[in-house]
Amino acid sequence: QVQLVESGGGLVQPGGSLRLSCAASINNFRSIIMAWYRQAPGKQRELVAFITSGGSTDYADSVKGRFTISRDNIKNTVDLQMNSLKPEDTAVYYCRVGTTKGDYWGRGTQVTVSS
């Protein structure tokens with residue numbers, strides 16, 4: 001029963017902050033990479049940030065300096081701290097986990113940035 005569950009989404013004003021969390025139940029498989037993607041209606045899904053098991057990170061240019069990704073290798077969780085949010089950050093955010101057995105996706109959590 002592989003399952004990824006995202007939480008922490010909601011409505012926030014421009015300039016505000018939000019923290020997303022993804023809890024991954026992956027049957028004791030080893031996690032290689034954990035990442036956050038986002039997709040707005042009618043738009044292509046895009047990579048927001050990823051973090052490897054060794055702690056290496058990378059970010060999309062649009063969020064660099066505003067978002068921070070982190071993980072707990074024991075609990076298999078990955079968080080995304082989002083600061084200085086803009087209306088263009090509005091999207092459904094998805095968690096993705098790559099393991100030694102395969103890749104898995106969460107169902108997504110809605111983030112809306114609006115005044």
Side-chain angles (χ1 to χ4, degrees):
Q1 289 186 329
V2 175
Q3 185 177 39
L4 278 59
V5 180
E6 302 98 334
S7 63
L11 175 64
V12 64
Q13 293 183 329
S17 298
L18 210 59
R19 188 177 184 89
L20 306 182
S21 182
C22 173
S25 299
I26 53 176
N27 299 327
N28 298 124
F29 300 157
R30 186 169 67 87
S31 175
I32 299 172
I33 188 170
M34 306 184 83
W36 285 96
Y37 291 73
R38 67 185 182 186
Q39 186 171 27
K43 304 293 185 178
Q44 184 177 353
R45 186 174 298 186
E46 64 175 349
L47 175 67
V48 177
F50 73 80
I51 183 168
T52 69
S53 59
S56 298
T57 61
D58 201 9
Y59 300 86
D61 289 340
S62 60
V63 308
K64 194 169 297 183
R66 300 187 297 120
F67 291 10
T68 302
I69 189 170
S70 61
R71 65 184 288 167
D72 186 317
N73 290 332
I74 298 176
K75 296 182 178 180
N76 285 324
T77 59
V78 57
D79 290 357
L80 186 69
Q81 178 65 46
M82 305 184 293
N83 299 326
S84 302
L85 284 163
K86 306 174 181 179
E88 50 263 45
D89 294 318
T90 296
V92 176
Y93 284 69
Y94 297 90
C95 176
R96 176 179 178 264
V97 177
T99 76
T100 54
K101 295 291 185 179
D103 297 332
Y104 305 95
W105 291 84
R107 295 181 182 273
T109 184
Q110 177 70 48
V111 172
T112 302
V113 184
S114 176
S115 59

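Remember, it's a predicted structure, so these values are computed and weren't measured experimentally. This chain uses plain numbering: 1 for the first residue, then up along the sequence.
Separating the SG atom in C22 from the CG atom in L80 is a distance of 11.0 Å, to the nearest 0.5 Å. Within the model, atoms CZ of R38 and CG of L20 stand 11.0 Å from one another, a figure rounded to the nearest 0.5 Å. Atom CZ of R71 sits about 4.0 Å away from atom OG of S31, to the nearest 0.5 Å.
Side-chain atoms of N73 come within 3.5 Å of backbone atoms of S53 as a donor-acceptor pair (strictly under, hydrogens ignored). A donor-acceptor pair under 3.5 Å is formed between the side chain of T90 and the backbone N or O of V113. Formation of a donor-acceptor pair under 3.5 Å by the R19 side chain with backbone atoms of G8 is not found in this model. With Y104 contributing its side chain and T99 its backbone, the two residues share no donor-acceptor pair below 3.5 Å. At distances below 3.5 Å, at least one donor-acceptor pair connects side-chain atoms of E6 with backbone N or O atoms of G108. In terms of modelled atom types and a separation under 3.5 Å, the side chain of R30 and the main chain of T100 share no donor-acceptor contact.
Minimum interatomic distance between L47 and A35 (heavy atoms only, all atoms of both residues): CD1-CB, 4.0 Å. Counting all heavy atoms, side chain and backbone alike, S84 lies closest to S17 at N-OG, 4.4 Å. Of all heavy-atom pairs between I74 and D72, the closest is N-OD1, 2.9 Å. When every heavy atom of Q110 is checked against every heavy atom of T112, the shortest pair comes out as NE2-OG1, 3.4 Å.
M34 and F50 are not part of a single hydrophobic cluster, where members link through side-chain heavy atoms under 4.5 Å apart. I32 and V78 end up in different hydrophobic clusters when Ile, Leu, Val, Met, Phe, Trp and Tyr side chains are linked at under 4.5 Å. When hydrophobic clusters are built by joining Ile, Leu, Val, Met, Phe, Trp and Tyr residues whose side-chain heavy atoms come closer than 4.5 Å, directly or via intermediates, Y94 is not grouped with Y59. Hydrophobic clustering, with ILVMFWY side chains joined whenever heavy atoms are under 4.5 angstrom apart, keeps V97 apart from Y37. Hydrophobic clustering, with ILVMFWY side chains joined whenever heavy atoms are under 4.5 angstrom apart, keeps I33 apart from I26.
Side-chain contact between L18 and V111 is present, with at least one heavy-atom pair separated by less than 4.5 Å. The side-chain heavy atoms of C95 and W36, taken from C-beta on, include a pair separated by under 4.5 Å. The shortest distance between side-chain heavy atoms of S114 and L11 falls below 4.5 Å.
Residues satisfying the side-chain contact (heavy atoms from CB on, under 4.5 Å) test with N27, not counting sequence neighbours, are V2, F29.
Taking a 6.0 Å sphere around NZ of K64, one finds it holds more than 12 heavy atoms contributed by other residues, nucleotides or ligands.
For Q81 and D79, the side-chain atoms include no donor-acceptor pair closer than 3.5 Å.
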